[in-house]
Amino acid sequence: MNEKQRSIILSSSSRFPPPPGVRLSYGTAGFRADSLLLESTVFRVGILAALRSLNTHSVIGLMITASHNKVSDNGIKISDPSGGMLSQDWEPFADALANAPDSQHLAQLIDDFVKKENIPLEEAESAEILLGRDTRPSGESLLDAAKQGIISIVGAVAVDMGVLTTPQLHWMVRARNKAMKATELDYFNQLSSSFRCLIDLIPQGSAVNKMNDNVVVDGANGVGGEKLEVLKKILNGLDMEIRNSGKEGVLNEGVGADYVQKEKVAPRGFGPADAGIRCASLDGDADRLVYFSVLSNANNKIDLVDGDKILSLFALFIKEQLSTLNKNEGDKENKCYRPTLGVVQTAYANGASTDYLKQSGLEIMFTPTGVKYLHEKAAEYDIGIYFEANGHGTILFSEGFLHWLDGRNSELALTSKGSEQHKAAMRLLAVSKLINQAVGDALSGLLLVEAILKHMGWSIHRWNELYHDLPSKQLKVKVVDRSVIVTEKAETVVVRPLGIQEAINIETAKYPRGRCFVRPSGTEDVVRVYAEATTQEAADNLASSIARLVDQFLGFGNS
Ligand code: G16
């Protein structure tokens, strides 16, 4: 790098010194920590984004959010040109940048990386980074740190897109790089028009009216609630009430998808009066979605309809449309395209969901936790549906399949307009526009769930009856150093520290249909424990005994 560039980096980075004695690592979805520790990291990720933009000749996105974490935390997620998460190849560089001890080391790291990757620095190339933030109070100053990092690279421009959901920012990055309309209004218009299209295609005379039309949404007191209020104004065909939209309560405190899914209780603002109503919950940056219905006679207890069931609903619908589309077509060339259809889950998927999907004839793949892994796997199919049980997921359509589908749709419009086959083609096209192709998106996911339930004429109870979840329990254990745990086989086996997996196996074998795994969180400073068994009591006991084991092996000895 030339002297001018070097001196800009040296002088700007000296204003953002790293906090002493703190080591941050790029986790499940970027960097996350107490917001007071993050300025330097966010500044440096700004530099990384500018280099990534130069390297890919594309627009990159930076989202200031800590998603489901508490309001005093913050973090930064990076969107690659495709709208997906930062390429995993760059994660070690992100780690090294975040932990460079001073400006000199930082400049040297950048210089070495630029040379190694052949990044066209100082070659009159321009870089553009879209910036978004959630509603956290620390967001504005961190966004400023990101901007300073970006403009430390000569030729790089930062564009502040304001307060957004994470999936909106990823959608915009993808749209910009595909030369498509990419404003927030374009996003809302695409969602509302494709939703309307699905509603208009609902079969006449089906049980449509039998279901309750109203959905009540918990906005986690975050950006998702705010954005839903905007979307609601232009939506036609959905009766939606939004609670916890952030005007009063605290972000993610007793509200939101993570709380509802992990605690299996109703969020604040919901109670027995809501029994029987279809309810949904978003997380703090609106990239997760779960449904629930409040039970009438129990203390805030709910029937949880989690990401696994959303996946099952989507998979059923897609399969049904594909089989209608290919009906009577035999193997006629060009008319009948049998796309590869696959679903992707993690070890957190309830065993009953996996059994159900297998029985439905679907191909299932498993990856470690983190959408970066699931998304990559799902992209291997013509239609790849991925969901984490926590409600993060989407449906990916390959370019090749969409190209064929577009052509088939035009052909059917000429030869058999309005036929069942034609409608199936139109529905699949509408789904591909409604569901976010960049990343899991609670807003677009919610609209798709609502459209499919209307199409099927299903209540939330009918949907929940697809299969019965095995009782499960999740716990968090505070340990001295969570990075000591190393797992493999999609996080189902601990290989380090030695001996812990054997102890887990012995404990798990005591429970009929028992299943259990532990893994270090990539967003919180804890080790997570998941247990499943045939009764709730057994799942609770198994989780507690494994949590004790984790504590014995690597804890503070405080179980
Ligand atoms: C992020 C990731 C998700 C992951 C979650 C929890 O979600 O995007 O894929 O499931 O973290 O990760 P961990 O168990 O490692 O803490 P979010 O919604 O918090 O950004």
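When a ligand or atom number is given, it counts from 1 through the structure's own listing order. Since we're looking at a predicted model, the values are computed, not measured. Both backbone and side-chain heavy atoms feed into the values below; hydrogens, waters and symmetry mates do not.
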Could you check whether K309 makes a cation-pi contact with Y467, meaning its NZ or CZ is under 6.0 Å from the centre of the six-membered ring and within 45° of the ring axis? yes

Provide the full list of side-chain hydrogen bond (donor to acceptor under 3.5 Å, both in side chains) pairs with a residue in residues 248-257, sequence neighbours left out, each pair given once. none

Step by step, would you call R133 with D160 a salt bridge (Lys or Arg N to Asp or Glu O under 4.0 Å)? CA-CA 9 Å; R133 64 184 169 93; D160 183 357; 5.5 Å; no

Considering all heavy atoms, the nearest L542-C516 contact: CD2-CB, 4.1 Å

When you check the side-chain N and O atoms of Q536 and D540, is any donor under 3.5 Å from an acceptor? yes

For atom NZ of K262, decide whether the heavy atoms of other residues, nucleotides or ligands shown that lie under 6.0 angstrom number more than 12. yes

Mind jotting down which protein residues get a heavy-atom contact under 4.0 Å with ligand 1? Chain and number order, please. T28, A29, R32, S67, H68, K77, D283, D287, R288, T369, G370, V371, E388, N390, H392, R519, S521, G522, T523, R528

